[in-house]
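Starting from 1, each residue takes its place in the sequence as its number. Atom set for the values below is all heavy atoms of this structure, side chains included, hydrogens, waters and symmetry mates excluded. All figures in this text were calculated on a predicted structure; none of them were measured in a lab.
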Amino acid sequence: TFGEDHEIDRLIRKYGYRSTEEIIEAVKSNNDLYSNLATAAHLIHSAGEGRFSINYAAGGLSSAEIEGVGYNSFDLEAAEKLFNPQKHAPGFNVDADGEEFYLIKNAAIGLWSAGELK
């Protein structure tokens, strides 16, 4: 699941990780999200805000489920091979093709806590 409990998971699936403006509008017009502002905040701080894309590699969730919340689906085995969390340190790294990526080992804290990255 995406959420810690059934209701949070339901709201994440319903509204997805969208821009701040989209979530604020959803809060204004939907009582279920208005009644759960912690989930609304989570949806905002776990979104890329158009600045970067998020490739989500998780076992147990289908590509349709992952893409339905606004993330890119990524095969877990391919992600482990390409991004090798045992080889790469948290932060900026370069993959075998020379593409820079930012490794976050604990996405629950990593998307919103970083200061200036470069």
Side-chain angles (χ1 to χ4, degrees):
T1 65
F2 291 102
E4 296 82 26
D5 64 39
H6 174 73
E7 181 61 8
I8 293 170
D9 183 68
R10 183 187 75 77
L11 292 169
I12 292 169
R13 290 171 188 269
K14 181 177 179 181
Y15 297 101
Y17 298 102
R18 308 293 180 223
S19 71
T20 300
E21 294 78 23
E22 289 172 296
I23 297 301
I24 288 171
E25 286 305 313
V27 167
K28 289 178 183 177
S29 57
N30 296 278
N31 285 335
D32 59 353
L33 195 55
Y34 179 80
S35 298
N36 197 324
L37 296 178
T39 299
H42 167 75
L43 294 173
I44 291 169
H45 76 67
S46 297
E49 290 286 340
R51 297 174 306 174
F52 53 87
S53 61
I54 299 169
N55 297 321
Y56 198 77
L61 293 170
S62 71
S63 292
E65 289 173 302
I66 293 168
E67 292 165 5
V69 300
Y71 287 165
N72 299 318
S73 178
F74 203 88
D75 178 73
L76 182 57
E77 287 182 29
E80 287 174 339
K81 184 177 179 183
L82 180 64
F83 301 116
N84 192 345
Q86 284 72 43
K87 177 182 170 189
H88 296 103
F92 285 104
N93 292 269
V94 178
D95 69 19
D97 296 327
E99 183 175 342
E100 187 175 56
F101 66 93
Y102 193 87
L103 179 65
I104 300 170
K105 290 190 178 188
N106 184 347
I109 62 169
L111 294 179
W112 55 268
S113 66
E116 186 164 327
L117 300 176
K118 278 191 172 180

With side chains defined as the heavy atoms from C-beta onward, is the minimum distance between [X] and [Y] less than 4.5 Å?
X	Y	answer
Ile12	Tyr17	yes
Leu43	Leu33	yes
Arg18	Ile44	no
Glu65	Val69	no

Practice problem: On the 0 to 90° scale, with breaks at 30° and 60°, tag the Tyr102-Phe92 ring pair as parallel, tilted or perpendicular. | Solution: perpendicular

Check whether any side-chain N or O of [X] sits under 3.5 Å from a backbone N or O of [Y] as a donor-acceptor pair, and report yes or no.
X	Y	result
Asn93	Gly91	yes
His88	Phe83	yes
Glu67	Ala64	no
His42	Ala38	no
Asp5	Ile8	yes
Asn30	Ala26	yes

Atom pair [atom1]/[atom2] of [X] and [Y] - distance to nearest 0.5 Å:
X	Y	atom1	atom2	value
Leu61	Ser73	CG	OG	9.0 Å
Thr39	Arg10	OG1	CZ	9.5 Å
Lys81	Leu76	NZ	CG	14.0 Å
Ile23	Ser46	CD1	OG	10.5 Å
Glu25	Tyr15	CD	OH	12.5 Å
Leu82	Phe101	CG	CZ	6.5 Å

Quiz item: Is there a side chain to side chain contact (heavy atoms under 4.5 Å, CB included) between Leu11 and Asp32 once you walk through the steps?
Solution: CA-CA 8 Å; Leu11 292 169; Asp32 59 353; 3.6 Å; yes

Quiz item: Below 6.0 angstrom between ring centroids: does that apply to Phe2 and Tyr71?
Solution: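 No.
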
